[in-house]
Amino acid sequence: MNTLVKGWFSEISDELWPGQCFSLKVKEILHEEKSEFQDIKILDTETYGKALILDGVIQCTERDEFGYQELISMIPICSHPNPERVLIVGGGDGGVAREAIKHPAVKEVYQVEIDGRVVDLSKKYLPFMACGFDSPKVHLTIGDGFEFMKNHKEEFDVIITDSSDPIGPAVSLFQESYFELMKKALRPGGIICSQGSNFWIDLEHVKETLKACACHFKNTSYAMAMVPSYPCGSIGFVIGCLDEKRDLKTPLHCFTTDQIDKLNFKYYTSDVHKGAFALPRFAAKAFEF
Ligand code: SAM
């Protein structure tokens, strides 16, 4: 399907969000290619700045990427008493790495991204996110996150899965077997946080992913962030913790307002952390199982 018509990019997907689409007015197509794994576009848009599009789906835009990157990183990291070793799966734009290294307890960040072209192109066109790869704390591997997880046991305190949507190379990252592998890859007390889709778009799919998580983590929860360029303007996170008693809603590490400003958090605060777990009644009810 031609998603670029008369200067507009339209995010059309009959599989993911039938009958609706979000459109952005394009100033310039900065890059287009088919990598080994997916179709990659980088656009300069009129009102959302630079945008990364994979297989026709918006991954992040310059205007609002921080909301997603800060919450998917800081909710699990600030919910861990000593988050020294962090693993990021996906996240080829570098935004999650950029956030994860802000936390003073984080000593090392390992990252496994399947598509090296996303990393190369983000470094060229999206340096405001790809700057995450500049830190000596970040160790990047190009490979499949699912396969990577099979070879790592009791190594990480926090695992963040910043994947694309559950089509193409990311399908395996929503399966129950992936949650089982992540559980084994965690050190005691560890925590995982995965891109968890949107309950307005597909409540059943979110429920299934939460159930897959709950099969392996007794302490499972769902949080959400407002991100206007994602379908329906929001996105959720599926969180699982090995420590059954830990209250995920209450951050163990709270940044002062000064620290928040110095670290350039534009969305995350301890209050936002707590509030992210407050769900509309219909969703909260659907997730009671
Ligand atoms: N924030 C975005 C969202 O929610 O749509 C995700 C952004 S990030 C660019 C997603 C990355 O996941 C992509 O670069 C993609 O190549 C990577 N990815 C997809 N499947 C993967 C897999 N099986 N292993 C590792 N990385 C994967």
Side-chain angles (χ1 to χ4, degrees), residues 11 13 16-17 22 31 33-42 48 50-73 87-100 110-123 125-126 128-130 132-133 140-152 159-175 177-179 181-182 185 193-198 201-202 205-206 209 223-238 267:
E11 193 184 45
S13 173
L16 292 170
W17 32 84
F22 177 72
H31 188 87
E33 73 173 58
K34 254 199 188 316
S35 74
E36 190 187 337
F37 299 97
Q38 51 212 340
D39 174 83
I40 307 175
K41 281 188 188 41
I42 300 186
Y48 279 72
K50 309 243 169 52
L52 171 67
I53 320 284
L54 297 179
D55 284 338
V57 175
I58 297 172
Q59 302 295 304
C60 32
T61 79
E62 193 169 357
R63 176 167 166 187
D64 62 1
E65 53 83 15
F66 60 88
Y68 173 86
Q69 323 273 22
E70 291 181 19
L71 261 63
I72 198 172
S73 311
L87 172 66
I88 300 166
V89 176
D93 48 69
V96 171
R98 180 195 70 198
E99 295 308 317
Y110 293 84
Q111 179 160 357
V112 55
E113 158 63 53
I114 203 165
D115 195 340
R117 288 301 292 154
V118 175
V119 175
D120 295 343
L121 293 168
S122 298
K123 285 182 179 168
Y125 294 105
L126 311 167
F128 51 93
M129 291 190 284
F133 296 123
L140 176 67
T141 302
I142 299 301
D144 184 322
F146 190 89
E147 292 305 314
F148 179 96
M149 210 62 75
K150 288 182 185 166
N151 303 319
H152 293 268
I159 301 175
I160 301 166
T161 303
D162 176 23
S163 77
S164 22
D165 288 308
I167 43 166
V171 171
S172 61
L173 306 181
F174 290 80
Q175 289 167 354
S177 49
Y178 179 65
F179 287 94
L181 289 175
M182 286 198 287
C193 183
S194 287
Q195 196 263 77
S197 312
N198 177 305
I201 297 282
D202 193 346
H205 168 70
V206 177
T209 314
M224 58 189 287
M226 287 181 282
V227 184
S229 64
Y230 286 149
C232 296
S234 66
I235 194 157
F237 310 107
V238 171
Y267 195 118

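Indexing begins at 1, ligand by ligand and atom by atom, following the structure's order. Since this is a predicted model, take the numbers as computed values, not measurements.
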**OP:** Give a yes or no answer on whether the side chain of Y267 reaches the backbone of M226 with a donor-acceptor pair at less than 3.5 Å.
**Re:** yes
Subject >> Neighbouring protein residues of ligand 1 - any heavy atom closer than 4.0 Å >> reply: Q38, L52, L54, Q59, Y68, G90, G91, G92, D93, V112, E113, I114, D115, V118, G143, D144, G145, D162, S163, S164, P169, A170, L173, Q195, Y230, I235
**OP:** With rounding to the nearest 0.5 Å, note down the distance linking CG in L71 to CD1 in I235.
**Re:** 11.0 Å
Subject >> Aromatic centroids of H205 and F174 separated by under 6.0 Å >> reply: yes
Subject >> Parallel, tilted or perpendicular, as decided by the 30° and 60° cut-offs, for the rings of H31 and Y125 >> reply: tilted
**OP:** Check ring pair (Phe, Tyr, Trp, His ring centres under 6.0 Å) between F133 and all other residues, then give those that pass, not counting sequence neighbours.
**Re:** none
**OP:** Please step through side-chain hydrogen bond (donor to acceptor under 3.5 Å, both in side chains) for the pair Y230 and D64, ending with a clear verdict.
**Re:** CA-CA 10 Å; Y230 286 149; D64 62 1; over 6 Å; no
